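Structure, as structure tokens:
Atoms considered below: every heavy atom in the structure, side chains included; atoms not considered: hydrogens, waters and symmetry mates. Given the structure is predicted, the values throughout are model-derived calculations rather than measurements. Letters go in sequence order (proteins before strands), and every chain restarts at 1.
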2 protein chains.
Amino acid sequence: MSNRLNTLQNKPLRERVVETLRDAILTGELKPGEALVETDLAAQLGISRAPLREALQQLSAEGLIETIAYHGSRVKELTRKDVEELYSLRTMYETFAARRIIQNGSADAAKRLHDIYEQMLDASNAGDIRLLNMIDRSFHDAIIELSDHSLLRFSWSHVSLRVRQVMALSNRRMTSMNIIAQNHLRIAEAIASGDVDLSVRLLEEHIASAGDLIASQWDKRSTDQTPS
Amino acid sequence: MSNRLNTLQNKPLRERVVETLRDAILTGELKPGEALVETDLAAQLGISRAPLREALQQLSAEGLIETIAYHGSRVKELTRKDVEELYSLRTMYETFAARRIIQNGSADAAKRLHDIYEQMLDASNAGDIRLLNMIDRSFHDAIIELSDHSLLRFSWSHVSLRVRQVMALSNRRMTSMNIIAQNHLRIAEAIASGDVDLSVRLLEEHIASAGDLIASQWDKRSTDQTPS
DNA sequence: TAAGTGTAGACTGTCGACAACGACCCAATA
DNA sequence: TATTGGGTCGTTGTCGACAGTCTACACTTA
């Protein structure tokens, strides 16, 4: 049988709740420090507390919220040190992945990264900053993916989520979109050429500079982006 | 008031269940592939399914069990590739931590590692292999701890748990206990001397060689260590 | 006033029962 | 013989109610 039909999935309530809340946190709709009261949330979502609690636990495991027994949950605070740690760990993950990609030496990997760069260029030319961000994410996801390391992928997912949160909360000033695209081209080419040291250096520069910029402005960012 | 009394903690049921099950998995009492049926487990522990389910979810987040919606949970299988991934990621974490320790350059760190080495030596001389293992764990935990990186600590805890599981399941042949202790001394000294490259190299050798040994024998290990 | 002691209220933790789901078997159908 | 449909059973998902815990604040007592 040809599978032209998408399997229509039947997700447990818990998972849909996770997605809803996660999205709210990642977009900054739910702000760091905000308390999540089970009774209220459950009522708001029109469900019972059981699946909600399970959802909260998962978010807690993902590091997005913080739960203290008998005291409830709240969206985790994001200090400047957290941001620095996040980007330093992220750098480590990506350089590690790049090393593995080069060691495994697949030509597909190089092509895949270059393809994403070209999408990036299109988005940049079209001036679509939202799309550019999405493609940027997929570029870095691809590096992890191509390293063929499932445990790394698992660990990455946590870091990656929180990076998204940081991006949503920081009122960053974008570098020129074309410069961003060019940076990724250089990284893709370095990996394609098999030059470990260069790849690592470019990644470190690329990620660390973004992280430093965000971290340096972290404490003086405006925190009232979504006036309720 | 003098606090001669230990604070008696009041853990939720869920957490005690997590500890019980985690322990069972880490010691190999619950074996990879084994199904965890909620109804049975809850009855066995004499509790309701709600806290048990929450415990299972946490174990799932820790990567110790695998849960498929509507199909239940089972202890995660540990393939040879998993072992290799585990040790490669572990190496990355520890070398990253060592770099940070050296950069931060605290003398306390050096002393702390050396102290642990001396405990190790005592255990080695006493021939207490179980104690030696515990101290070995604390040495590597200390490296992570001393790097002063809470996100790293968080990520480490997952990897560290699964490493323990691997150790429990592998019927490894111990290298001489004294050699192990000596390895750690060299690492501690390299970190103390501030030599990044040497520290990284020693750590990579130390961890990778242990990982390679276990991985190479993984498929032919005996799986009937705890005849029920 | 200050230290300690009882509330009351809001919240989280746990329970038992029921609903929903998926694997399996077996008969009916062509 | 191969496919369909329906039913059963073991299991997971969800619910509403109740028990347990913590905080805050009024209340004693000196």
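- What separates CD of A:Gln57 from P of D:dG13 is a distance of 14 Å, to the nearest Å.
- One can place CD of B:Glu54 at 15 Å from C1' of D:dT12, the figure rounded to the nearest angstrom.
- Atoms CD (B:Glu15) and P (C:dG13) sit 9 Å apart, rounded to a whole Å.
- Checked for salt-bridge contact, A:Arg112 and A:Glu145 miss the test: no charged N lies under 4.0 Å from a carboxylate O.
- Among C:dC15, C:dG13, D:dT14, the nucleotide with an atom closest to any side-chain atom of A:Pro51 is D:dT14.
- Spacing between atom CG of A:Leu52 and atom P of C:dG13 amounts to 11 Å, rounded to whole angstrom units.
- Using a 4.0 Å cut-off, no side-chain N or O of B:Asn10 falls inside it from OP1 or OP2 of D:dG20.
- Here C:dC21 presents its P atom at 18 Å from CD1 of B:Ile68, a figure rounded to the nearest Å.
- Nearest heavy-atom pair across A:Glu85 and B:Asp148 is OE2-O, 4.0 Å.
- Residue B:Val37 places its side chain closer to D:dT12 than to any other of D:dT12, C:dA23, D:dC15.
- Atom CD1 of A:Ile47 and atom P of D:dG16 are 11 Å apart (whole Å).
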(request) Decide yes or no on side chain to side chain contact (heavy atoms under 4.5 Å, CB included) for A:Leu26 and A:Arg22, but give the supporting numbers first. (result) CA-CA 6 Å; A:Leu26 293 187; A:Arg22 183 162 49 204; 3.9 Å; yes

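- Taken to the nearest 0.5 Å, the CD1 atom of A:Ile47 stands 9.5 Å off from the CZ atom of A:Arg16.
- For A:His71 and D:dT23, the shortest distance from a side-chain N or O to OP1 or OP2 is below 4.0 Å.
- Within 4.0 Å of A:Leu36, counting heavy atoms only, lie sugar-phosphate atoms of the nucleic acid but no base atom.
- Annotation: of the two residues near DNA chain D, B:Asp40 and A:Leu13, the 5′-most nearest-nucleotide partner is B:Asp40.
- At whole-Å resolution of the value, CZ in B:Arg16 and C1' in D:dG20 are 12 Å apart.
- Nearest nucleotide to the A:Ala50 side chain, out of D:dG13, D:dC15, C:dG13: D:dC15.
- Heavy atoms of B:Arg14 sit under 4.0 angstrom from primed sugar atoms or phosphate atoms, though from no base atom.
- Using a 4.0 Å heavy-atom criterion, one finds that A:Arg49 contacts the bases of the nucleic acid, with or without backbone contacts as well.
- With rounding to whole Å, A:Gln58 atom CD is found 12 Å from D:dG13 atom P.
- Of the listed residues (B:Leu64, B:Val18, B:Leu21), just one forms a side-chain contact (heavy atoms from CB on, under 4.5 Å) with B:Leu56, and that residue is B:Leu21.
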